[in-house]
Amino acid sequence: MTNFSKPSNLADWQKAAAKSAPNGDVNALNWQTPDGITVKPLYTAADTADLPHTDSLPGFAPYLRGPQATMYAVRPWTIRQYAGFSTAEASNAFYRKALAAGGQGVSVAFDLATHRGYDSDHPRVTGDVGKAGVAIDSVEDMKILFDQIPLDKVSVSMTMNGAVLPVLAGYIVAAEEQGVSQDKLSGTIQNDILKEFMVRNTYIYPPEPSMRIIGDIIEYTAKNMPKFNSISISGYHMQEAGANQALELAFTLADGREYVRTALAKGLDVDEFAGRLSFFWAIGMNFYLEVAKMRAARVLWHRIMTGFNAKSPKSLMLRTHCQTSGWSLTEQDPYNNIVRTTVEAMAAVFGGTQSLHTNSFDEAIALPTEFSSRIARNTQIILQEETHITNVVDPWAGSYMMESLTNEMLEKAWAIIEEVEAMGGMIKAVDSGWAKLKIEAAAAEKQARIDSGQDVIVGVNKYKLSKEEALADQPEILVIDNVMVRDGQITKLKAIRARRDAAAVKNALQALSDAAAAGSGNLLDLTVKAMRLRATVGEVSDALETSFGRHRADTQKVTGVYAAAYDQEGDWAKEWDAIKSEINDFAAKQGRRPRVMVSKLGQDGHDRGAKVVATAFADLGFDVDIGPLFQTPEECARQAIENDVHAVGVSTLAAGHKTLIPAIIQALKDQGADDIIVFVGGVIPQQDYAFLYESGVKGIYGPGTPIPACARDVLQQIESAFKA
């Protein structure tokens, strides 16, 4: 028998490890996460000796090891595909095919016009209809969306927050007309408005009336839809906007606490509704911390709900859906994204998710194709059928490292939650802008770490393909004819309005407005009545807006965070200083600094990229203005002229660039300001570059473009405009 030498204690290991550690320092092997958690290269029994809950079992409080006793050993997680393709007809065909191929639920992505409560014929949404999701204007669209999908058997998840009342009501009425009563409906409506004010920005009304809507939905579904989840409290969009795992965890649970308080204020008993609250996490490439985050989340939610005197186990256990990260996907070397999604899916499974969506590898380039969606779906099927991962409940239990990380994540998040409580709760933290700025600072820091090479992204800042290889590697993309989709929706809207009882619709909408103003009645109940009469999504939203108003967010930016990552030695630090020097030279020659306005056009509220660019450009020495969200091209051009900027930078993530970018260039020309240059960043397929350049764009910067390189190019374009 072979005798293997082994260290007798930790000190012996440290001596052995020091021989190969940098400068003989074992602590140099530690990794400091963006959350401020130190991950060591070695964990021992001493690290878990005093930790709570490590002897707990799955299915038992505080649910550290999972909400169900047998987890995937009896029933694997539900496979969902989050999708919406231009029209209800196209989306329905996709859902039916996905269900036939192994999908187990439907997850609906709506277009931005629908999210923001506009009908497709509204002049503010010309570039948004059918882009980045399905256009829904009425019950008739909903009926087509779920045609031949038995809603008493298939659960439906709908990502909707702003226009949540008409969309949920439209689903209810479509099911009724399919012959399915409300008590048989299962699924989830996101209905998480606090997150929208922080990151995703598809809100409509101010915070206070928005919280009233949430309370009414929780009340209505508790009484009429016992199998339906009334809210999906979402951290996903926080992480996609830049939050680290601790911020995502803390802010999401703090949001959940506010929603419970809102429901209790309606007079409901906590156990009457809490069992139908669900959560939604992003799963990125920080593998260990993602697993730890989900385990910690269940313990913390149990702690929060115990504080509300919840008694039912269903009220005390956190159940969650997960989605792999869209932000981690790269335009460069896109087939690497299949590997990224697989790794992230495994983290979700090891963390104990109840359902999962896996992103398609081409989503950093354009909307997913049927081909890429099939690979994404099969990723989950392979994990369920071929790996035997499902045979073991919480395989990380007892791991010295995982139990330690879970506890550290728990403590880090709880400290943030207590900070929020000291402010007066999450509504105050959101309303003050504090929570949003915390996320934006984390996003700027992360981008700086990537641009400076401190964080490696394969194919982006290391192991890059040659230009020729990169062009040859571009996959086919899905192209949506926005004009055709919008024209079709307008035709349907005209037909609906022509054949409905106009007087009855007007009375139903007036009743909704009156209830909103008076604080009486249940707004979902009244919306269901209006949608039965064929009121539209836009009309319901307008009826509420007459009482509630539309929310206008204050635009702020963080400063100094991006620059701090460059405050070190190295080639990239020298490049940073060189660009700052060039900007100073420009200011000396021209009598002022180069001035840039960073803008979002249309209804795309995803502003991570815009805010990070604004922060970095300001740190470099540009004068930077940030346009308000949801501008039309004409409004953006007017503000650019009034602010006397040299350039307008448009950030686009919602596939509306071929409509909106030429429109702003034309608007500048029409107002006599065609000397203002326009540059574009975001998710833009390579195939569209030529069209945009021909339209007059001076620079295009896709995902993965280092911001200093973008800044230098913009500066050169501004200087060229002066010489011309």
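One is the number of the first residue; the rest follow in order along the sequence.
Q148 and Q178 share no side-chain donor-acceptor pair at under 3.5 Å. Between the side chains of N92 and R96, a donor-acceptor pair is found at a separation under 3.5 Å. Residues T78 and Q354 bring no donor and acceptor atom of their side chains to less than 3.5 Å of each other. A donor-acceptor contact closer than 3.5 angstrom is absent between the side chains of T390 and Q384. If you check the side chains of Y259 and N191, you find no donor sitting under 3.5 Å from an acceptor. Between the side chains of N359 and T341, no donor-acceptor pair is found at a separation under 3.5 Å. Looking at R80 and S155, their side chains do bring a donor and an acceptor atom within 3.5 Å of each other. Using modelled atom types, one finds no donor on one side chain facing an acceptor on the other under 3.5 Å when comparing N161 with T202. Checked by atom type, the side-chain pair S232/Q190 shows no donor-acceptor distance below 3.5 Å. With hydrogens and angles left out, the side-chain atoms of R200 and S234 include no donor and acceptor closer than 3.5 Å. Judged purely by distance below 3.5 Å, without hydrogens or angles, the side chains of R295 and T406 pair a donor atom with an acceptor atom. Side-chain contact check for N407 and S404: no donor-acceptor pair (N or O, by modelled atom type) lies under 3.5 Å. If you check the side chains of S312 and D271, you find no donor sitting under 3.5 Å from an acceptor. Under the 3.5 Å distance criterion, with hydrogens and angles disregarded, no donor-acceptor pair is assigned to the side chains of K412 and Q245.
Cation-pi geometry between K143 and F146 is not satisfied (NZ or CZ under 6.0 Å from the ring centre, within 45° of the ring normal).
With values rounded to the nearest 0.5 angstrom, T379 atom OG1 is found 11.0 Å from E344 atom CD. Note that OG1 of T221 is 11.5 Å distant from CG of L185, once rounded to the nearest 0.5 Å. Distance check, rounded to the nearest 0.5 Å: CG of N337 to OG1 of T358 gives 13.0 Å. Interatomic distance, CZ of F110 versus CG of D141, reported as 10.5 Å (0.5 Å rounding). Between the OG1 atom in T353 and the CE atom in M294 there is a gap of 4.5 Å [rounded to 0.5 Å]. In this structure, CD1 in I172 is found 11.5 Å from CG in L151, a value given to the nearest 0.5 Å.
A101 and I381 make their closest contact through O-CD1, 3.6 Å (heavy atoms, listed as atom of the first residue, atom of the second, distance). Listed here is the closest heavy atom pair of K227 and K184: NZ-O, 3.8 Å. Between I417 and A250, the shortest heavy-atom distance links the atoms CG1-O, 3.5 Å. Considering every non-hydrogen atom in both P34 and N244, the closest pair reads O-ND2, 3.3 Å. Minimum heavy-atom separation, F350 to D394: O-OD1, 4.2 Å. The minimum heavy-atom distance linking M305 with A274 is given by the pair CE-CB, 3.6 Å.
E403 places a side-chain N or O within 3.5 Å of a backbone atom of G398 that can act as its donor or acceptor partner. Remark: side-chain polar atoms of N461 are paired, donor with acceptor, to backbone N or O of I450 under 3.5 angstrom. Side-chain atoms of Q332 never come within 3.5 Å of backbone atoms of G459 as a donor-acceptor pair (strictly under, hydrogens ignored). Using a distance-only test at 3.5 Å, with no hydrogens or angles considered, no donor-acceptor pair links the side chain of D47 to the main chain of Y400. Here the side chain of T33 pairs a donor or acceptor atom with the backbone of I37 at under 3.5 angstrom. Using a distance-only test at 3.5 Å, with no hydrogens or angles considered, no donor-acceptor pair links the side chain of S328 to the main chain of G284. Looking only at distances, a side-chain donor or acceptor of S91 sits under 3.5 Å from a matching main-chain atom of T87. Not one N or O on the side chain of S315 forms a donor-acceptor pair closer than 3.5 Å with the backbone of K311. Looking only at distances, a side-chain donor or acceptor of D35 sits under 3.5 Å from a matching main-chain atom of A246. Of the possible polar contacts, none joining the S360 side chain to the D362 backbone as a donor-acceptor pair under 3.5 Å is found.
The six-membered or imidazole ring of F273 lies away from that of Y220, with a centre-to-centre distance of 6.0 Å or more. Taking the six-membered ring wherever Trp is involved, the centroid distance between the rings of W281 and Y236 does not fall below 6.0 Å.
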Practice prompt. Determine, stepwise, if the pair W301 / F279 fulfils ring-ring contact (aromatic ring centres under 6.0 Å, His included).
Written response: CA-CA 10 Å; W301 187 242; F279 287 80; 4.8 Å; yes

Discussion item. Pair I231, I217 - check side-chain contact (heavy atoms from CB on, under 4.5 Å), show working.
Written reply: CA-CA 9 Å; I231 192 166; I217 289 172; over 6 Å; no

Item to complete: Go through I457 and R340 one step at a time and tell me if the side-chain contact (heavy atoms from CB on, under 4.5 Å) criterion holds.
Response: CA-CA 11 Å; I457 308 294; R340 293 186 178 101; 3.9 Å; yes

Item to complete: Assess whether side-chain contact (heavy atoms from CB on, under 4.5 Å) is satisfied between V134 and S86, documenting all intermediate values.
Response: CA-CA 5 Å; V134 59; S86 61; over 6 Å; no

Practice prompt. Apply the test side-chain contact (heavy atoms from CB on, under 4.5 Å) to residues I189 and M160: give CA-CA distance (whole Å), side-chain angles for both, the deciding distance (0.1 Å), then the verdict.
Written response: CA-CA 7 Å; I189 187 79; M160 179 52 63; 4.0 Å; yes

Worksheet item: Run the salt bridge (charged side-chain N to carboxylate O under 4.0 Å, His left out) check on K97 and E370 step by step: do they pass?
Response: CA-CA 10 Å; K97 190 172 289 187; E370 191 173 311; 3.1 Å; yes

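By the neighbour-count criterion of 12 heavy atoms within 6.0 Å, atom CZ of F60 is sparsely surrounded, having that number or fewer from other residues, nucleotides or ligands. Few gaps surround CZ on R303; more than 12 heavy atoms of other groups in view lie less than 6.0 Å from it. With a 6.0 Å radius and a threshold of 12 heavy atoms from other residues, nucleotides or ligands, Y288 has its OH atom at or below the threshold. For NZ of K40, the number of neighbouring non-hydrogen atoms (other residues, nucleotides, ligands) closer than 6.0 Å is greater than 12.
You'll find the side chain of N201 stays beyond 4.5 Å of the side chain of H606, heavy atoms only. Two residues are said to be in side-chain contact when any heavy atoms from C-beta on lie closer than 4.5 Å; V108 and Y171 fail this criterion. Taking 4.5 Å as the limit, some side-chain heavy atom of P58 sits within range of a side-chain heavy atom of V393. In this structure the side chain of R298 reaches within 4.5 angstrom of the side chain of P67, judged on heavy atoms. You'll find the side chain of V173 stays beyond 4.5 Å of the side chain of M142, heavy atoms only. F308 is listed as a side-chain neighbour of R257, based on a closest heavy-atom distance under 4.5 Å. Contact annotation: the side chain of L57 approaches that of R65 to within less than 4.5 Å [non-hydrogen atoms, C-beta and beyond]. The side-chain heavy atoms of H115 and E196, taken from C-beta on, include no pair separated by under 4.5 Å.
Comment: K446 engages D455 in a salt bridge, judged by a side-chain N to carboxylate O separation of less than 4.0 angstrom. R608 has no carboxylate O lying under 4.0 Å from a charged side-chain N of E240, or vice versa, which leaves the two without a salt bridge.
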